[in-house]
Each structure stands twice: as C-alpha cells, then as structure tokens.
Amino acid sequence: MSENENNTTSYNGRASEPRFRYNAAMAQQIEQKWQKQWDDKGTFWAANVSGDLKDGKGRNAEGRTPYFAMDMFPYPSGKGLHVGHPLGYLATDVVSRYHRMKGENVLHAMGYDAFGLPAEQYAVQTGQHPRITTEANIANMRRQLHRMGLSFDDRRSFATIDPEYVRWTQWIFSRIYDAWYDPDFVREDGGKGSARPIDTLIAQFQAGERAIPGFEGTGKRWADLTSVEQADVLNDFRLAYISKSPVNWCPGLGTVLANEEVTAEGRSERGNFPVFQRELRQWSMRITVYGHRLIEDLDKIDWPQKVKLMQRNWIGESHGASVHFEVDTPGGTRDLEIYTTRPDTLFGATFAVVSPEHDLLRHVPSAWPDGTPEDWRGGYDTPAEGMEAYRVAAESKTAQDRVAEGGQKTGLFTGLYAINPITGAKLPIFTADYVLMGYGTGAIMAVPGGDQRDYDFAVKFGLPVIYTVEPLPDSGDDLSDYEGRAPFVSHDGIVVNSSIDATKAKGDALSLDGLSVDAAIEKVNEWLESAGVGKGTVSYRLRDWLFSRQRYWGEPFPIVYDEDGVPHLIPDSMLPIDLPDVPDYSPKTFDPQDAESDPEAPLSRNEDWVKVTLDLGEGPKTYFRDTNTMPNWAGSCWYYMRYIDPTDTEHMVERDEYDYWMGPDHNASVGPTGGVDLYVGGVEHAVLHLLYSRFWHKILFDLGYVDGPEPFHKLFNQGMIQAYAYTDDRGQYVPAAEIEEGPVDPSTGEPTYSWNGRHANREFGKMGKSLKNIITPDDMYERYGADTFRLYEMSMGPLDESRPWNDRNVVGGMRFLQRLWRNVVDERTGEVTVCEAEPDTKTLKLLNNTIADVTVEMEAMRPNTAIAKLIVLNNHLTGLKDGVPRAAVEPLILMLSPVAPHICEELWSRLGHGESLAYQPWPTADERYTGEDTVTAVVQIKGKVRAKLEVSPSIDPDQLQKMALEAVAERLGGKEPRKVIVKAPKIVSIVPAE
RNA sequence: GCUCCCGUGGCGGAAUUGGUAGACGCAGCUGACUUAAAAUCAGCCGGCAUUGCCUUGUGGGUUCGAGUCCCACCGGGAGUACCA
C-alpha cells in the first residue's frame with residue numbers, strides 16, 4: 001500500500017499522517033482491489049437450477065432459499081448519475097448482501113431501459129444512430145455503478161434494445177395479439193375470466209357455439225366471411241387490437257400518447273405540448289377487461305398503501321346501472337343508454353345530457369321544437385348547426401380552458417326528448433361537455449336534486465328540481481336546505497316520493513319509499529332488469545392502453561398487412577424485426593396547435609423495408625409492414641423475468657427457472673401470487689409502469705407462460721434526495737459548491753449566503769444540473785471513497801422518506817470507518833492489533849444485544865438505525881483498555897459489511913480469513929448474553945417521574961410495587977394511593993389519594 | 001374541491017404494543033496531547049430556572065400515563081379532479 005501524495009482535503013492523506021491511516025486514498029485502493037476480486041472470482045454469481053447460469057461458483061441453487069432483489073432499471077441518460085440516483089440501488093444492495101449472509105441464493109442484477117426519447121432527439125440533432133450514443137451511455141453508467149461496489153451478477157445484465165431482448169418483447173406482443181378475453185372461463189386458480197388463444201374463439205365461431213357479432217341473423221357461417229370480415233370480427237376480441245376511437249394526438253411531438261402520458265392540464269407529460277382528441281387508427285391493449293382483477297389482486301401483494309390506492313383510483317371501478325330511455329327522433333324511435341351510480345334517483349331525473357361526441361346528435365330534428373326557450377338554442381338556427389358548432393368548440397378546448405371556466409356549465413338543447421322508463425316523464429335532452437364520451441355510456445340522466453353539476457346546469461337553463469332522497473337526521477347535511485336550493489348529495493338517506501303504479505310505465509308497480517339508499521338501489525336494479533330496460537353494471541375510469549407511437553427509437557411491431565389491409569402476425573421464427581435505417585429519425589412534428597394534422601411515422605420513410613415479400617403459409621406474397629413502434633413501457637413491462645436467464649434463446653423465461661425464482665410460495669415471505677421478493681424504485685411509476693407490468697403478467701399467467709399472477713410481491717418506494725440551490729438577486733442559479741455561509745440574520749433566524757461576495761438566496765428542492773447543485777458519486781469517491789458514500793446514504797434517515805443532502809454530514813461516516821480500522825490495524829505499522837482474549841461480560845452483553853437489534857433493523861430495511869447501533873458498539877470497543885477482542889470485532893465487521901463491503905472485506909482478510917465474507921453466516925446472538933442485568937424502573941405519580949429504581953428484569957411485580965411506594969412515601973404523605981399500576985419491570989404508576 | 005401522507009433540539013434524525021422524549025451523526029463548547037494547528041482521545045451539548053418547572057405545529061379530548069389514539073384547526077408534501 002503506497003503513500004498518497006495528494007493533500008488537498010483532510011481525508012485524502014497528507015505527509016504527516018500515519019502511513020496506514022484509513023483515508024480517501026486508501027479507501028480507493030481497497031475498493032478497487034476488492035471490486036476486481038469480486039469480478040475475477042464471480043463472487044456474486046447466482047446459481048440457476050439448470051441451464052447456462054447453473055454455475056454459482058461452488059454454491060448451487062439446490063437446498064438454498066431463493067431471494068430475488070431488484071431495482072427499477074435506469075434509462076442510460078448521457079448526463080450520468082448524481083448522488084440522488086443510486087439511493088435505491090444501495091438499499092437493494094444492502095438487502096442482497098444481508099440475504100446472502102443468511103445463506104440464501106440471491107438474484108441481483110441490473111439491466112438498462114434503453115429505448116427512449118432523449119437518445120432519439122440526440123440522434124435527430126447529430127444524425128448519429130441512437131444505438132451508438134445509447135450504448136456509450138450504458139457503458140458509462142455501468143462503470144459508475146460498478147465503482148459503488150454493487151453486488152450484481154454481471155452475467156445477467158442486458159438492455160431492452162438488445163436484438164435478443166427485442167425478439168422476446170415482440171414475441172410477447174404476438175401472444176397478446178393472438179389472445180382474447182373469455183369472461184366466463186374458469187382459471188386454474190379458481191377465478192373467473194381468462195385470456196385464451198384466439199384459436200379457441202375461432203373454434204367457437206366455426207362450431208356455431210357463439211354468434212358472430214355483426215352477422216347475427218344473416219345465416220352466414222364463419223367460413224362464409226371474407227378475410228377482411230373475419231379480421232374485423234377478431235379485432236374486436238383481440239387483447240392487442242387496432243382501435244378507431246379517439247386518441248390523444250400531440251402535433252407538437254408528432255405522436256399519439258397514452259392517457260397516462262397526458263397531464264391533468266391536457267398537455268403532454270413530455271414537452272408540455274397541447275394534446276387533442278382525434279379519431280385515428282392506432283394499436284390498443286385491452287387493459288380494461290383486467291380492471292377488476294388488477295384491483296382485486298392488490299390485496300394479495302405487499303405494496304405501500306399509497307401505491308395501491310393510486311392504482312385503485314386510476315382504475316376507478318364504480319358500480320351502477322345502465323338504463324335505457326326511448327327517444328323519438330325524425331328517423332324513428334332510438335335507444336339512449338345512460339349510466340348512473342344512483343339508479344334509486346331515477347324518479348328525480350328531470351332532463352338528460354349526452355356528451356358532444358354522442359351518436360344521438362346525428363339524429364336531431366331539423367328545427368327547434370315549438371316553444372324552445374331562447375337560451376336553450378344557443379343562438380343557432382337549427383339543432384344540427386348547434387350540435388356541430390358545440391362539438392367543435394368542445395374538442396378544441398383543453399382541460400385548462402375548462403378549469404378556467406370555473407365550473408360554469410355550458411350546453412345546448414338537442415331538440416330531442418327521452419322517456420323516463422320508470423315514470424314515463426318526457427325529459428328534454430341536452431348536450432354538454434361536462435359529460436364525457438369515454439366514461440360510462442357518454443350519456444347521463446340528470447338529477448339536479450342529487451347532483452351538484454346537474455343542479456348547476458338546471459339552474460342555468462331553468463329546469464325543474466325534484467328531490468327523492470331525504471337526508472338522515474344525523475347525516476351532518478344541513479336539513480334546512482332540503483327542499484330548498486342546494487342538492488342533497490350524501491349517500492345516506494331515506495328514499496321518498498319514489499313510487500309508481502304499473503299503468504304509468506313498463507313493468508310492475510314499484511315503490512322505494514322509506515328504503516335506505518342501498519336497499520333502494522338493489523330494488524330498482526331488480527325492477528330494471530325484470531322490465532327489460534336496464535341492469536346493474538360496473539364501469540371503469542381506466543381506458544384501454546394506447547400502444548403505438550410514431551417514433552423511431554422503439555420496438556417495431558411484428559405485424560404486416562396484406563393488400564386488403566388485413567393484419568398478419570410475423571411468425572416467431574422470423575423475430576426479431578430489426579429497426580431499418582431511415583434518412584431521418586424524427587417524427588414529423590407540426591404546429592403544436594394544429595389539431596387537424598396527421599401523424600407520419602419515421603419508419604414509413606424506408607420503402608424497401610416497408611414493402612416485403614414473405615411466405616406466411618400462402619406462398620410468397622407482398623406485404624406492408626406496420627410502421628409504428630411500441631411505447632417506451634413495452635421493454636420495462638417484463639424485464640424482471642429476463643434476469644432469470646438472459647442467455648435463454650428458447651424461451652422468454654423457462655418455466656422451472658421461473659418457479660424457482662418467482663413462483664408462488666418460492667420462499668416463506670412470498671404468498672400464493674409469487675413474484676419478485678423485493679422491488680425498489682420511485683413512486684413516480686405507481687400507475688404507469690407498475691400497472692402495465694401487472695397487466696402483461698396476468699395475460700402471460702392466463703396463457704400459461706408463468707406460474708403466478710403478480711410480478712412483484714413486495715414493492716418499496718425509496719425517498720428522494722433533495723438539495724439546496726442558490727440564486728443571485730437576478731434569479732440566476734449560482735454554483736452551490738461556491739456558496740459562503742455568513743452569520744445568522746437576527747430578523748429571520750437564517751444565515752445569510754453569498755457567492756463571489758454578492759448576496760445569494762437559498763431554495764430547497766431537487767438536485768439538478770440546471771440548478772447548479774449537483775454532487776456526483778465520483779466527487780464522493782474522490783473525497784471519501786465508496787464505502788463512506790454508501791454509509792452516508794444509508795444512515796441519513798428512513799429509506800422511504802425524502803431528505804436533504806448535507807455535504808458536511810458525510811464526514812461522520814468516514815470517522816466511524818476510521819475508528820473501526822484503528823480498532824483492528826495499527827496506523828503506523830499496519831499490523832493487526834486485535835487481542836485473542838475473551839471479551840469482558842459488559843462487551844459480550846453489548847455485542848449480543850447489538851447482534852439481536854441489528855438483525856431486527858436489517859429485516860425491517862432500516863439501515864439507518866442498524867448503523868447507529870453498530871457505531872455504539874464500535875465506540876465501546878474503542879474505549880477498551882486491554883485491546884479490542886477479535887471475538888467482538890469480527891461480528892461487528894460482518895454486520896457492517898452489507899453497508900460498507902470493501903473496508904469490511906479488507907479487515908476480514910487482514911484478520912486472517914482467506915475467503916470473501918460475502919457468504920459468511922450472519923452473526924447470531926448468544927442468548928446467555930442478551931437482555932440486561934438490571935433495568936431502570938420508573939416510579940410515576942400522575943404520569944410524572946418521581947423516582948428511579950435499579951431492579952432485576954425479572955423482578956416480582958408485588959415487590960416492585962412495594963419498593964416504589966417506599967421510594968415516594970414522602971410525597972404520598974402517608975395516605976393510601978387511590979390506584980397503583982405496575983408494569984414490571986419498567987413502570988410503577990401511582991394515582992395518589994385526593 | 002376530494003383523497004392520502006408528514007410536522008420532534010441550531011441541522012439530519014432516534015423512540016416494539018400508549019410506558020424515562022431527544023439514540024446515532026453533524027455543527028458548537030471545554031479539557032488532554034502538540035511550539036502551534038490539524039488529526040486523535042475524554043467530556044458537555046432542548047429551554048427556563050436556586051433543588052424544580054416547561055417542551056414533540058396549535059387548541060381540545062380519552063387515559064394512571066399521549067410524539068404515539070380521537071376531534072378541530074394551522075403549515076408542508078403527494079395524488080386526483082366536471083367519472084354521472
């Protein structure tokens with residue numbers, strides 16, 4: 001170990017320092033030495049049960065409990081990492097190392113989510129292929145992570161852009177495309193509803209077991225249909241299908257977006273461009289059919305409540321009823337189906353509202369009915385003219401515009417009337433943009449007596465209000481308002497004025513009067529069904545997942561179209577479909593406000609690629625490739641399974657390997673759903689990646705490719721590392737590293753800050769290049785070494801909470817490691833100084849209590865408190881007069897090694913051990929030395945501490961009470977206490993006599 | 001607006017089931033060592049105060065006892081928003 005010349009910072013070594021002091025320079029040498037050894041010896045290779053990855057370097061899979069710890073893999077950005085990024089990676093690494101020491105077979109690896117917009121945009125600017133920059137970025141990020149000492153099995157690393165990986169992404173798409181959802185099929189796990197191969201559906205059509213939608217009553221059999229007709233029928237069943245419904249078109253980005261990628265303001269999450277609703281042909285995934293299962297199975301997995309709640313809200317399951325109203329139109333009687341969650345209020349419906357895109361609006365009368373009030377007409381001469389103008393206006397409105405209207409209702413009378421099936425009342429039908437086409441049926445019955453929005457609308461257009469529910473006296477609703485102006489919206493109440501006799505409407509007589517709301521809903525649903533005018537239904541906020549993008553840097557679809565436009569799947573044997581070279585990588589973008597523009601995909605620019613001759617079983621024919629690419633989420637939807645064996649060329653994942661690592665009950669902590677044991681990542685993926693992954697996984701489960709219905713058993717969201725940033729008085733960011741802290745301003749209680757002698761303002765938030773407050777891991781290695789960096793990040797606070805980075809505090813971790821080093825190694829000579837004598841009883845007590853406590857903290861993923869307890873033990877050893885006992889410092893080193901692995905390996909080796917400590921058994925506490933000899937019992941009078949007693953932990957409660965009463969006898973003044981509570985051995989609480 | 005989470009010293013943060021509030025670290029202070037400084041080691045370190053009182057955002061409540069449970073409010077953060 002050589003002397004270091006650098007003396008610029010205190011921990012980087014200086015001439016006067018002892019030669020064998022643990023400083024930054026020595027830390028760097030130790031760290032790189034051990035990182036090389038781990039690599040050379042394959043220390044972190046995990047053993048599969050079979051195949052190419054069976055080699056676990058002497059530790060086989062058989063007989064060892066599998067543990068799969070995983071991070072949300074990174075996008076390899078060109079910007080590199082800052083200290084905020086690896087918090088989660090360090091946490092999983094600590095957990096992985098701990099589980100290895102418990103004797104488990106730990107699968108821990110890191111891949112790269114490498115398709116994406118930044119690389120594409122860089123390619124657009126430079127003309128360089130995105131693969132080149134992406135691969136350079138991956139190499140750089142791999143180096144940065146490696147230097148942290150993360151214990152990955154490097155044989156299992158891959159990137160989503162690797163052709164072998166793309167192949168399986170396309171293979172999964174093919175399986176989804178070739179599947180339909182059979183809601184009646186009973187799965188192996190007993191649940192109802194399952195994805196099934198599309199062949200099973202075709203067989204039902206061929207056998208005549210199932211009517212062919214759209215061809216009922218034509219007498220046509222399946223074989224009689226043209227290929228185009230067959231394709232159209234199947235498209236309506238496939239789980240990946242071509243949709244012709246409204247999608248989010250973003251001209252500024254030149255692509256369409258999923259609902260999840262559009263902000264509440266109606267703009268693109270990326271780039272903040274306006275988004276318009278357009279009807280375009282696009283790929284969609286039928287995620288809505290899984291809505292109920294995606295909610296239901298949340299109960300079976302160990303995820304933060306917050307994320308479960310976000311997914312439940314996003315899916316938005318609501319139970320209600322659909323009701324059919326008859327509408328008289330110029331072309332005859334039409335059916336209007338509405339959706340309501342409160343069918344009990346049908347008697348209070350006084351009008352109906354349909355969304356501006358609703359089909360009914362194409363059947364409005366040619367003139368306004370006699371007596372139509374002026375403000376119902378909106379100034380238009382005919383209903384048709386009004387409908388068209390209103391629809392166009394609503395379409396161009398962003399969500400922001402709607403918010404700006406401040407809840408003000410707009411709308412227009414359609415000239416049509418609907419017959420309330422329960423009362424026979426004639427209700428005017430309006431159109432208004434507060435009713436959304438995409439939810440329910442796009443039409444509502446309006447009950448102004450029970451709904452604030454309907455009420456606002458009724459007031460504006462002078463429509464009547466009928467109350468059918470009376471609030472409960474103790475409901476908290478203001479009863480004085482009842483029958484007054486405001487609607488009563490509470491769900492609790494008693495139904496009144498809700499009865500008909502059979503002569504007034506379809507069906508039998510019905511009375512809801514006097515029932516609770518819940519009972520009324522049940523009764524009215526039964527009535528609707530028996531009268532054939534409606535039924536109870538379930539509705540979802542979740543929409544199908546828009547799955548195609550007009551971008552270059554993504555996976556091409558394994559789909560070609562024949563000359564009739566019928567899509568055909570490319571056979572698995574021809575996968576992967578590689579991206580073609582194109583003259584220009586950018587999608588055609590438009591004026592962000594140009595809603596009428598049409599997407600143009602970059603892949604369409606290579607005609608040689610688009611037009612291909614293939615033999616798909618009917619001899620060589622000309623086909624045209626699909627020119628869309630998959631969204632960024634495709635690769636991250638299933639990558640966890642690929643860690644199991646990225647070398648497998650035969651399967652996405654082999655069943656036996658899946659069962660071993662991820663199958664149901666593969667270890668004691670995982671339930672019947674199976675899945676990754678621990679998945680750590682940011683909460684920002686709560687509804688995007690995590691919902692899509694669960695969806696794909698359930699399809700693959702239904703189709704029998706994997707054995708459990710959930711991908712991730714335990715989810716953990718790490719907090720964010722925040723930082724201070726500084727601006728000058730013009731508001732420009734100035735480098736945080738060059739800020740000087742001045743004296744505290746007495747008026748604010750805050751210090752003053754300056755940069756280059758000028759005043760600076762401090763703000764608190766994220767770390768970012770533009771904020772000029774970045775600290776990189778490389779800065780930390782340079783100043784302290786990777787172990788100190790790891791120690792600091794793990795000790796700053798609870799892993800799941802956000803907290804500020806404070807440069808100044810890092811030094812505490814360095815001092816701890818130095819003290820530990822000095823407890824083992826003589827700083828001047830480099831000799832090992834531990835003594836071989838048995839530790840004294842006090843040391844043994846502390847050691848074994850520490851082992852017990854630290855084990856609990858590690859199990860609970862609380863490295864911060866584990867570290868605090870290890871520091872206490874180390875501080876105790878430092879103070880020992882007769883040298884540090886080996887029997888105490890070795891367990892300390894083992895327990896610290898998950899957090900600071902390099903220095904611990906070095907000390908372990910210097911203590912004479914030939915093998916890495918990575919698989920040394922985790923220390924166990926000797927119960928002879930746990931617990932305490934005496935505890936402090938507290939004597940309280942009315943909750944206040946009045947005396948303390950040193951007593952045995954096993955003291956008899958009666959004896960303790962006696963001692964306590966003696967100790968405070970003076971204060972009780974000889975009176976008998978009113979009450980004494982004894983919780984031996986810790987508390988005696990006395991309530992004195994008055 | 002609705003839903004959820006969080007408020008503890010100068011700072012980051014500890015406190016099984018309600019049971020001695022402030023572990024551990026940073027900063028600060030004192031001492032030892034040193035010509036001196038750094039480093040290291042030993043000690044002090046919530047506030048007021050004469051022995052005791054006050055103190056976990058504020059105000060109430062439950063309890064022998066509340067940072068922890070309940071109610072209301074204040075402040076901060078996150079999600080979501082005309083979903084019928």
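Note that the coordinates shown come from a computational prediction; the quantities given were computed from them, not determined experimentally. Each chain gets a letter, A, B and so on, in the order the sequences are listed, and its residues count up from 1.
Side-chain to base pairing of A:K869 with B:rC24: no donor and acceptor N or O lie closer than 3.5 Å to each other.
Between A:R822 and B:rA39 there is no side-chain N or O to OP1 or OP2 distance below 4.0 Å. Residue A:K306 places no side-chain N or O under 4.0 Å from the OP1 or OP2 atom of B:rC5. Contact annotation: A:N864 does not reach the phosphate of B:rC24 (side-chain N/O to OP1 or OP2, under 4.0 Å). For B:rG77, the OP1/OP2 oxygens have no side-chain nitrogen or oxygen of A:R803 closer than 4.0 Å.
Picking from B:rC64, B:rA23, B:rA84 the nucleotide with the shortest atom distance to the side chain of A:V991 gives B:rC64. Picking from B:rC54, B:rG19, B:rG12 the nucleotide with the shortest atom distance to the side chain of A:M796 gives B:rG12. Residue A:Y439 has its side chain nearest to B:rA84 when only B:rG25, B:rC64, B:rA84 are considered. Taking only side-chain atoms of A:S318, from C-beta outward, the nucleotide of B:rC82, B:rA84, B:rC26 with the closest atom is B:rA84. For A:R453, the side-chain atoms get nearest to B:rC83 when compared with the rest of B:rG12, B:rC83, B:rA14. Ranking B:rA14, B:rG79, B:rG25 by closeness to the A:M310 side chain, first place goes to B:rG79. You'll find that the side chain of A:V872 is closest to B:rC24, out of B:rC24, B:rC26, B:rC82.
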**Message:** Using the rule given for salt bridge (charged side-chain N to carboxylate O under 4.0 Å, His left out), can you reason through A:R822 versus A:E827, listing the C-alpha separation, both sets of side-chain angles and the distance that settles it, and then say yes or no?
**Reply:** CA-CA 6 Å; A:R822 261 198 303 274; A:E827 285 191 327; 3.0 Å; yes

**Message:** Would A:Y22 and A:T788 count as a side chain to side chain donor-acceptor pair (under 3.5 Å) here? Give the steps.
**Reply:** CA-CA 11 Å; A:Y22 181 80; A:T788 300; 4.7 Å; no

**From CA spacing to verdict: ring pair (Phe, Tyr, Trp, His ring centres under 6.0 Å), A:W805, A:Y792** = CA-CA 10 Å; A:W805 178 269; A:Y792 175 57; 4.8 Å; yes

**Message:** Before you tell me yes or no, could you show the steps for A:N717 and A:V307 under side chain to side chain contact (heavy atoms under 4.5 Å, CB included), namely the whole-Å CA-CA distance, both residues' side-chain angles and the distance that decides it to 0.1 Å?
**Reply:** CA-CA 9 Å; A:N717 297 124; A:V307 176; 3.2 Å; yes

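A donor-acceptor contact closer than 3.5 angstrom links the side chains of A:T288 and A:D544. Inspection of the A:E317 and A:Y540 side chains reveals an N or O donor paired with an N or O acceptor under 3.5 Å.
B:rC70 and B:rG19 have their P atoms separated by 15 Å, given to the nearest Å. Annotation: B:rU17 and B:rA66 have their C1' atoms spaced 14 Å apart (nearest Å). Across B:rG67 and B:rA21, the matching C1' atoms stand 8 Å from one another, rounded to whole Å. Across the P atoms, B:rC6 and B:rG52 are found 38 Å apart, a figure rounded to whole Å. Taking atom C1' on both nucleotides, B:rC69 is separated from B:rU56 by 16 Å, rounded to a whole Å. When the P atom is used for both B:rA14 and B:rU50, the distance is 36 Å, rounded to whole Å.
Exactly one of A:L847, A:V854, A:N874, A:T850 qualifies for a side chain to side chain contact (heavy atoms under 4.5 Å, CB included) with A:L892. That residue is A:N874.
What separates CG of A:L309 from P of B:rC5 is a distance of 9 Å, to the nearest Å. Rounded to whole Å, the distance from CD1 on A:I987 to P on B:rU20 is 5 Å. One can place CD1 of A:I867 at 10 Å from C1' of B:rC24, the figure rounded to the nearest angstrom. The distance from atom CG of A:N875 to atom P of B:rA23 is 13 Å, rounded to the nearest whole Å.
Within the 4.0 angstrom heavy-atom criterion, only backbone atoms of the sugar-phosphate kind lie near A:T865; the bases stay farther away. Base contact: A:R541 has a heavy atom under 4.0 Å from a base atom.
Looking at which nucleotide of RNA chain B each of A:V687 and A:R946 is closest to, the 5′-most match is held by A:R946. Comparing A:I981 and A:I871, the nucleotide of RNA chain B nearest to each residue sits closer to the 5' end for A:I871.
In this structure, A:K308 places its NZ atom where more than 12 heavy-atom neighbours from other residues, nucleotides or ligands lie under 6.0 Å away.
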**Request:** Fill in the dot-bracket string of RNA chain B, one character per base: . for unpaired, | for a pair to another strand, ( ) or [ ] for pairs within the strand, taking Watson-Crick or G-U pairs under 3.5 Å.
**Result:** (((((((..(((......[....))).(((((.......))))).(((...)))..(((((..]....))))))))))))....

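Ionic pairing of A:R783 and A:D807 is present here: one or more N-O contacts between side-chain nitrogen and carboxylate oxygen are shorter than 4.0 angstrom.
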